[in-house]
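The model shown is predicted, which means the values in this text are computed figures rather than measured ones. Sequence positions, counted from 1, serve as the residue numbers for this chain. Each ligand, and each atom within it, is numbered from 1 in the order the structure gives.
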Amino acid sequence: MIYIGNHLSTAKGLLAMGETEEQLGGNTFAFFTRNPRGGQAKSINKEDADGLMTFLKEHRFGPVVAHAPYTMNVCAARPETRRFSWEMMESDLLRMENLPGNYYNFHPGAHVGQGADEAIPVIADCLNKAMKEDMTTTVLIETMSGKGTEIGSTFEEIKAIIDRVELKDKIGVTLDSCHIWDSGYDIAGNLDRVLDEFDRIIGLGRLKAVHLNDSKNDLGSHKDRHERIGKGHIGADALRKLVQHPCLQGLPFILETPNDAYGYAEEIAMIRSWMTMREGI
Ligand code: FE
Ligand code: FE
Ligand code: ZN
(Lines give C-alpha, C1' and ligand atoms only; values in the text may rest on other atoms or scores of the structure.)
(Ligands and ions follow the chains in the order given, each with its own letter.)
Protein backbone atom coordinates (compact mmCIF):
# COMPACT_ATOMS: atom_id res chain seq x y z
CA MET A 1 0.00 0.00 0.00
CA ILE A 2 0.89 3.64 -0.30
CA TYR A 3 -0.27 6.65 1.70
CA ILE A 4 -2.36 9.06 -0.34
CA GLY A 5 -3.40 12.68 0.25
CA ASN A 6 -3.23 16.16 -1.15
CA HIS A 7 -1.94 19.65 -0.55
CA LEU A 8 -4.04 21.53 2.05
CA SER A 9 -4.42 25.08 3.33
CA THR A 10 -3.11 25.79 6.84
CA ALA A 11 -5.75 28.52 7.37
CA LYS A 12 -7.66 26.61 10.07
CA GLY A 13 -4.59 25.24 11.83
CA LEU A 14 -2.71 21.96 11.97
CA LEU A 15 -5.19 19.53 13.53
CA ALA A 16 -7.88 20.85 11.16
CA MET A 17 -5.74 19.68 8.21
CA GLY A 18 -5.68 16.12 9.54
CA GLU A 19 -9.46 16.18 9.99
CA THR A 20 -10.02 17.64 6.52
CA GLU A 21 -7.75 15.05 4.93
CA GLU A 22 -9.61 12.23 6.61
CA GLN A 23 -12.90 13.58 5.24
CA LEU A 24 -11.36 13.57 1.76
CA GLY A 25 -10.41 9.92 2.21
CA GLY A 26 -6.66 10.48 2.53
CA ASN A 27 -4.06 9.40 5.07
CA THR A 28 -1.24 11.87 4.46
CA PHE A 29 -1.12 15.50 3.30
CA ALA A 30 1.11 18.43 2.44
CA PHE A 31 1.03 22.09 3.45
CA PHE A 32 3.15 25.22 3.10
CA THR A 33 5.28 26.01 6.13
CA ARG A 34 4.50 29.70 5.50
CA ASN A 35 2.89 31.82 2.80
CA PRO A 36 4.17 30.25 -0.44
CA ARG A 37 5.02 33.72 -1.75
CA GLY A 38 7.16 34.41 1.31
CA GLY A 39 6.73 36.57 4.36
CA GLN A 40 6.55 35.95 8.08
CA ALA A 41 5.71 32.49 9.34
CA LYS A 42 2.73 32.13 11.66
CA SER A 43 3.84 31.03 15.11
CA ILE A 44 2.99 27.42 15.86
CA ASN A 45 0.42 26.69 18.54
CA LYS A 46 1.98 23.82 20.52
CA GLU A 47 -1.40 22.40 21.59
CA ASP A 48 -2.58 22.36 17.97
CA ALA A 49 0.66 20.64 16.88
CA ASP A 50 0.34 18.00 19.61
CA GLY A 51 -3.30 17.54 18.62
CA LEU A 52 -2.27 16.81 15.04
CA MET A 53 0.46 14.39 16.13
CA THR A 54 -2.08 12.40 18.20
CA PHE A 55 -4.55 12.48 15.30
CA LEU A 56 -1.93 11.19 12.81
CA LYS A 57 -1.09 8.29 15.09
CA GLU A 58 -4.67 7.35 15.94
CA HIS A 59 -5.74 7.46 12.30
CA ARG A 60 -2.64 5.62 11.07
CA PHE A 61 -1.57 8.42 8.76
CA GLY A 62 1.74 8.25 6.95
CA PRO A 63 4.37 10.99 7.33
CA VAL A 64 3.17 14.47 6.35
CA VAL A 65 5.19 16.36 3.75
CA ALA A 66 5.58 20.07 4.53
CA HIS A 67 6.57 22.27 1.58
CA ALA A 68 8.97 25.22 1.75
CA PRO A 69 7.76 28.52 0.18
CA TYR A 70 8.39 29.06 -3.54
CA THR A 71 10.28 32.27 -2.85
CA MET A 72 13.07 30.30 -1.24
CA ASN A 73 16.05 30.21 -3.58
CA VAL A 74 19.01 29.04 -1.57
CA CYS A 75 21.36 29.41 -4.56
CA ALA A 76 20.19 32.89 -5.61
CA ALA A 77 22.84 35.15 -7.13
CA ARG A 78 22.33 37.94 -4.59
CA PRO A 79 23.94 37.20 -1.21
CA GLU A 80 21.00 38.81 0.67
CA THR A 81 18.50 36.49 -1.05
CA ARG A 82 20.70 33.51 -0.29
CA ARG A 83 20.97 34.43 3.35
CA PHE A 84 17.25 35.16 3.59
CA SER A 85 16.57 31.74 2.07
CA TRP A 86 18.73 29.72 4.37
CA GLU A 87 17.45 31.58 7.42
CA MET A 88 13.93 30.76 6.26
CA MET A 89 14.89 27.08 5.96
CA GLU A 90 16.58 27.05 9.34
CA SER A 91 13.57 28.58 11.06
CA ASP A 92 11.16 26.25 9.19
CA LEU A 93 13.17 23.24 10.33
CA LEU A 94 13.06 24.47 13.92
CA ARG A 95 9.29 24.85 13.65
CA MET A 96 8.99 21.38 12.11
CA GLU A 97 10.26 19.94 15.40
CA ASN A 98 6.76 20.65 16.71
CA LEU A 99 5.69 17.84 14.36
CA PRO A 100 8.57 15.42 15.01
CA GLY A 101 9.54 12.74 12.51
CA ASN A 102 7.95 14.21 9.39
CA TYR A 103 9.22 15.54 6.05
CA TYR A 104 10.24 18.97 4.77
CA ASN A 105 10.29 19.25 0.98
CA PHE A 106 12.03 22.10 -0.85
CA HIS A 107 12.93 23.15 -4.40
CA PRO A 108 16.71 23.20 -4.84
CA GLY A 109 16.39 26.56 -6.56
CA ALA A 110 17.32 28.38 -9.75
CA HIS A 111 20.93 29.24 -10.54
CA VAL A 112 19.86 32.32 -12.55
CA GLY A 113 22.87 32.26 -14.86
CA GLN A 114 25.56 31.21 -12.40
CA GLY A 115 25.48 27.65 -13.76
CA ALA A 116 24.71 24.39 -11.98
CA ASP A 117 28.33 23.78 -10.98
CA GLU A 118 28.36 27.05 -9.06
CA ALA A 119 24.93 26.55 -7.53
CA ILE A 120 25.14 22.94 -6.32
CA PRO A 121 27.80 23.55 -3.61
CA VAL A 122 25.83 26.63 -2.50
CA ILE A 123 22.66 24.55 -2.06
CA ALA A 124 24.55 21.92 -0.08
CA ASP A 125 26.16 24.63 2.04
CA CYS A 126 22.72 26.02 2.87
CA LEU A 127 21.52 22.56 3.90
CA ASN A 128 24.59 22.06 6.05
CA LYS A 129 23.89 25.35 7.84
CA ALA A 130 20.15 24.82 8.28
CA MET A 131 20.08 21.13 9.24
CA LYS A 132 20.88 20.20 12.84
CA GLU A 133 22.22 16.96 14.23
CA ASP A 134 19.38 16.55 16.74
CA MET A 135 16.50 17.31 14.38
CA THR A 136 13.94 14.58 13.66
CA THR A 137 12.76 15.92 10.29
CA THR A 138 13.98 14.48 7.00
CA VAL A 139 14.68 17.16 4.37
CA LEU A 140 13.54 16.18 0.88
CA ILE A 141 14.96 17.63 -2.33
CA GLU A 142 12.23 17.81 -4.97
CA THR A 143 12.93 16.65 -8.53
CA MET A 144 12.26 19.63 -10.83
CA SER A 145 11.06 20.14 -14.41
CA GLY A 146 14.05 22.21 -15.56
CA LYS A 147 11.97 25.31 -16.21
CA GLY A 148 14.25 28.35 -16.61
CA THR A 149 17.49 27.75 -14.74
CA GLU A 150 16.07 25.32 -12.18
CA ILE A 151 18.50 22.93 -10.51
CA GLY A 152 17.36 19.37 -9.81
CA SER A 153 15.88 18.35 -13.15
CA THR A 154 18.33 15.46 -13.46
CA PHE A 155 19.04 12.69 -10.98
CA GLU A 156 22.74 13.53 -11.35
CA GLU A 157 22.25 17.08 -10.02
CA ILE A 158 20.26 15.82 -7.04
CA LYS A 159 22.93 13.22 -6.33
CA ALA A 160 25.62 15.93 -6.50
CA ILE A 161 23.77 17.91 -3.81
CA ILE A 162 23.26 14.87 -1.56
CA ASP A 163 26.95 13.96 -1.87
CA ARG A 164 27.83 17.28 -0.23
CA VAL A 165 25.30 17.08 2.62
CA GLU A 166 26.84 16.20 5.96
CA LEU A 167 23.84 14.73 7.78
CA LYS A 168 23.26 11.92 5.28
CA ASP A 169 20.60 10.12 7.36
CA LYS A 170 18.38 13.24 7.28
CA ILE A 171 18.33 13.91 3.52
CA GLY A 172 16.03 12.34 0.94
CA VAL A 173 14.21 12.99 -2.33
CA THR A 174 10.63 13.68 -3.45
CA LEU A 175 9.82 12.39 -6.93
CA ASP A 176 7.33 14.72 -8.64
CA SER A 177 5.75 12.81 -11.54
CA CYS A 178 4.86 15.96 -13.52
CA HIS A 179 8.31 17.45 -13.00
CA ILE A 180 10.34 14.40 -14.05
CA TRP A 181 8.08 13.91 -17.08
CA ASP A 182 8.54 17.54 -18.06
CA SER A 183 12.29 17.19 -17.55
CA GLY A 184 12.37 14.23 -19.97
CA TYR A 185 12.08 11.02 -17.91
CA ASP A 186 9.60 8.85 -19.79
CA ILE A 187 7.58 7.36 -16.94
CA ALA A 188 4.74 6.57 -19.36
CA GLY A 189 6.94 4.74 -21.87
CA ASN A 190 9.29 2.93 -19.50
CA LEU A 191 8.73 3.44 -15.78
CA ASP A 192 11.04 0.60 -14.79
CA ARG A 193 13.94 2.14 -16.68
CA VAL A 194 13.39 5.52 -14.99
CA LEU A 195 13.25 3.93 -11.53
CA ASP A 196 16.33 1.83 -12.32
CA GLU A 197 18.14 5.00 -13.28
CA PHE A 198 17.02 6.69 -10.06
CA ASP A 199 18.30 3.68 -8.15
CA ARG A 200 21.62 3.58 -9.96
CA ILE A 201 22.32 7.32 -9.57
CA ILE A 202 20.66 8.35 -6.29
CA GLY A 203 19.54 5.06 -4.71
CA LEU A 204 15.88 4.17 -4.14
CA GLY A 205 16.55 4.21 -0.39
CA ARG A 206 16.64 8.03 -0.64
CA LEU A 207 13.17 8.20 -2.18
CA LYS A 208 10.85 9.22 0.66
CA ALA A 209 7.80 10.80 -1.02
CA VAL A 210 6.02 11.19 -4.36
CA HIS A 211 4.18 14.23 -5.72
CA LEU A 212 1.52 12.62 -7.89
CA ASN A 213 0.52 14.91 -10.75
CA ASP A 214 -0.36 14.58 -14.39
CA SER A 215 1.20 17.12 -16.79
CA LYS A 216 -0.41 19.63 -19.15
CA ASN A 217 2.61 19.27 -21.44
CA ASP A 218 4.59 16.74 -23.38
CA LEU A 219 7.64 14.74 -22.32
CA GLY A 220 10.69 17.00 -21.95
CA SER A 221 8.72 20.27 -22.26
CA HIS A 222 10.38 21.86 -19.16
CA LYS A 223 7.13 23.66 -18.40
CA ASP A 224 5.90 22.53 -14.94
CA ARG A 225 2.13 22.81 -15.39
CA HIS A 226 0.28 20.23 -13.28
CA GLU A 227 -2.85 18.53 -14.57
CA ARG A 228 -5.53 16.39 -12.93
CA ILE A 229 -4.78 12.65 -12.78
CA GLY A 230 -5.61 11.05 -16.13
CA LYS A 231 -6.36 14.36 -17.88
CA GLY A 232 -2.82 15.12 -19.02
CA HIS A 233 0.02 13.84 -21.17
CA ILE A 234 1.25 11.22 -18.68
CA GLY A 235 -2.17 9.60 -18.46
CA ALA A 236 -4.08 7.44 -15.98
CA ASP A 237 -2.48 4.20 -17.07
CA ALA A 238 1.07 5.33 -16.38
CA LEU A 239 0.13 7.00 -13.08
CA ARG A 240 -1.69 3.82 -11.99
CA LYS A 241 1.50 1.82 -12.64
CA LEU A 242 3.42 4.34 -10.56
CA VAL A 243 0.99 3.96 -7.64
CA GLN A 244 1.17 0.18 -7.94
CA HIS A 245 4.94 -0.08 -8.41
CA PRO A 246 6.56 -2.46 -5.88
CA CYS A 247 9.51 -0.09 -5.30
CA LEU A 248 7.23 2.74 -4.15
CA GLN A 249 5.06 0.93 -1.63
CA GLY A 250 4.89 2.52 1.82
CA LEU A 251 5.61 6.05 0.58
CA PRO A 252 3.34 9.10 0.99
CA PHE A 253 1.88 10.19 -2.39
CA ILE A 254 0.77 13.84 -2.48
CA LEU A 255 -1.64 15.20 -5.10
CA GLU A 256 -0.80 18.74 -6.25
CA THR A 257 -3.39 18.73 -9.01
CA PRO A 258 -5.66 21.67 -9.93
CA ASN A 259 -8.71 20.63 -7.90
CA ASP A 260 -11.26 21.72 -5.34
CA ALA A 261 -11.99 19.51 -2.30
CA TYR A 262 -14.51 17.46 -4.27
CA GLY A 263 -12.00 16.85 -7.06
CA TYR A 264 -9.35 15.71 -4.57
CA ALA A 265 -11.80 13.30 -2.91
CA GLU A 266 -12.55 11.84 -6.35
CA GLU A 267 -8.87 11.41 -7.20
CA ILE A 268 -8.14 9.84 -3.82
CA ALA A 269 -10.99 7.35 -4.33
CA MET A 270 -9.65 6.47 -7.79
CA ILE A 271 -6.14 5.92 -6.42
CA ARG A 272 -7.51 3.79 -3.59
CA SER A 273 -9.22 1.59 -6.18
CA TRP A 274 -5.83 1.19 -7.92
CA MET A 275 -4.30 0.13 -4.60
CA THR A 276 -7.06 -2.44 -4.05
CA MET A 277 -6.51 -3.70 -7.59
CA ARG A 278 -2.82 -4.20 -6.78
CA GLU A 279 -3.52 -6.07 -3.56
CA GLY A 280 -5.93 -8.29 -5.46
CA ILE A 281 -3.18 -9.39 -7.87
FE1 FE B 1 7.10 21.65 -5.15
FE1 FE C 1 5.75 19.03 -6.53
ZN1 ZN D 1 5.32 21.81 -10.05
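With respect to the salt-bridge test (charged N to carboxylate O, under 4.0 angstrom), the residues D196 and R193 do not qualify.
Placement of I162 and I120 within a single hydrophobic cluster is found when ILVMFWY residues are connected by side-chain heavy-atom separations under 4.5 Å, directly or transitively.
Note on the Zn ion (ligand 3): protein N/O/S atoms under 2.8 Å are H179 NE2, D224 OD1, H226 NE2.
The Fe ion (ligand 1) lies at 2.8 Å or more from every N, O or S atom belonging to H179. For the Fe ion (ligand 2), the set of nearby N, O or S atoms under 2.8 Å includes one belonging to H211. Because the distance cut-off is set at 2.8 Å, D176 fails to qualify as a neighbour of the Fe ion (ligand 1), as none of its N, O or S atoms comes that close.
At the Fe ion (ligand 1), the vertex angle linking NE2 of H107 with OE1 of E142 is 90° (nearest 10 degrees).
Residues H7 and Y264 keep their aromatic ring centres 6.0 Å or farther apart. Two rings, from F198 and Y185, have their centers 6.0 Å or more apart.
More than 12 non-hydrogen atoms from other residues, nucleotides or ligands lie less than 6.0 angstrom from CG of D260. When the shell of 6.0 Å around CZ of R225 is examined, it contains 12 or fewer heavy atoms from other residues, nucleotides or ligands.
In summary, of the residues considered (M135, K129, E133), a side-chain contact (heavy atoms from CB on, under 4.5 Å) with M131 occurs for M135 alone.
Using the six-membered ring where Trp is involved, F29 and F31 have ring planes that are tilted, between 30° and 60° apart.
When the Fe ion (ligand 2) is compared with the N/O/S atoms of E256, atom OE1 turns out nearest.
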